[in-house]
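To keep things clear, I will list the structure first and then write my remarks on it.
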Protein chains: 2
Amino acid sequence: MSDIYRALGDATRRRIITMLKERSMTQKEIVEAFDISQPAIKKHLNVLLEEKIISATVQGKYRLYNLNLDMLQRAYNEMLHFIGELLDDQLASLKNYVEKGEMQDGES
Amino acid sequence: MSDIYRALGDATRRRIITMLKERSMTQKEIVEAFDISQPAIKKHLNVLLEEKIISATVQGKYRLYNLNLDMLQRAYNEMLHFIGELLDDQLASLKNYVEKGEMQDGES
DNA sequence: ATTATATATAACCAAAAGGTTATACGTTGG
DNA sequence: CCAACGTATAACCTTTTGGTTATATATAAT
């Protein structure tokens, strides 16, 4: 199974995703948007490529990266499903206090 | 803000969460369900506590852990929001298959 | 052809993550 | 009180992660 949690688990990668949500970008453009080096960005891109959340098209000397929306959708669906399952079981009582915006027991 | 991705990023933690979905458990019970040491489990519990995904109530020498459903609800909402934004931006048709739970074009 | 530009990769490093064992602490039962 | 049990913490180890710099490769432009 692909480890979607790994791909989304890093803030830089999530920011890249958010950027690519707006428009496709070359690696150079992405690099310029961050304060870290080109190889560092490339590694993040490689992770996202491995998980198939983005893909790249070659354009001369450029690599144009774009979101794989369906895969990103799957990734989030999987997470939502995980959480959702947890919530379903006790959703009735949860709904109640969520709406009231109050906790039932103390916190550390 | 809490980093839900960090918390969910580890398989052991996800399993703990799944277990706590069924019922609250003492640390001892949780430890016995895994093949790793008590301190290792404790570290995972600490991560989940930090992210406020679980909470613990003291009962004598026991610590009873239980899910913080409202926090999971928040995580769920956050993720939905992220995806929703994504869909709004680019792809109305994607919304369709998300709701129907099926793809519209082939995938690797 | 040579140079400039965009990307890829190699080698390295520090810090974080996930585990271990040993041990201290807190509570309860005999 | 003391022993046993559940939990917490300290010290340590290894692997992974996220970063670095230096350099190689591929395409474009002059």
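As a basis for the values below, the full set of heavy atoms in this structure was taken, side chains included, without hydrogen atoms, waters or symmetry mates. Letters A, B, ... mirror the listed sequences (proteins, then strands); counts begin at 1.
- Put simply, CG on B/Leu45 is 13 Å from C1' on D/dG6, counting in whole angstrom units.
- A/Arg15 meets the salt bridge (Lys or Arg N to Asp or Glu O under 4.0 Å) test with no other residue; sequence neighbours excluded.
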Any chance you could list the contact pattern along nucleotides 16-30 of chain C? Use B for base contacts, S for sugar-phosphate-only contacts and - for none, protein heavy atoms under 4.0 Å, 5' to 3'.
--SBBBB----SS--

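- Every side-chain contact (heavy atoms from CB on, under 4.5 Å) that B/Arg63 has, sequence neighbours left out, goes to B/Val58, B/Tyr65.
- Ion pairing of B/Arg13 with B/Glu51 is absent here, as no side-chain N (NZ or NE/NH1/NH2) approaches a carboxylate O to less than 4.0 Å.
- A cation-pi arrangement is present between B/Arg14 and A/Tyr5, with the terminal nitrogen or guanidinium carbon under 6.0 Å from the aromatic centre and inside a 45° cone about the axis.
- Residue A/Tyr62 contributes atom OH, which lies 11 Å from atom C1' of C/dA4 at whole-angstrom precision.
- If you run side chain to side chain contact (heavy atoms under 4.5 Å, CB included) between A/Leu20 and each of A/Leu69, A/Leu72, A/Leu67, only A/Leu67 comes through.
- The distance between atom CG of A/Leu64 and atom C1' of D/dT27, rounded to the nearest whole Å, is 16 Å.
- Here A/Phe34 lies out of heavy-atom contact (under 4.0 Å) with every strand.
- In terms of modelled atom types and a separation under 3.5 Å, the side chain of A/Asn68 and the main chain of A/Lys52 share a donor-acceptor contact.
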Under 3.5 Å between N/O atoms: give me all the protein pairs with nucleotides 1-3 of chain D, atom names plus distance.
none

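- Nucleotide D/dT17 holds its C1' atom 14 Å from the CG atom of A/Asn46, rounded to whole Å.
- When the salt bridge (Lys or Arg N to Asp or Glu O under 4.0 Å) test is applied to A/Lys28, the partners found at least two apart in sequence or on another chain are A/Glu32.
- In this structure, A/Glu29 atom CD and C/dT5 atom C1' are separated by 14 Å, rounded to whole Å.
- If you measure from atom CD of A/Gln27 to atom C1' of D/dT25, you get 13 Å, rounded to the nearest angstrom.
- Residue pairs meeting the salt bridge (Lys or Arg N to Asp or Glu O under 4.0 Å) criterion with at least one partner in residues 35-44 of chain B, sequence neighbours excluded, are absent.
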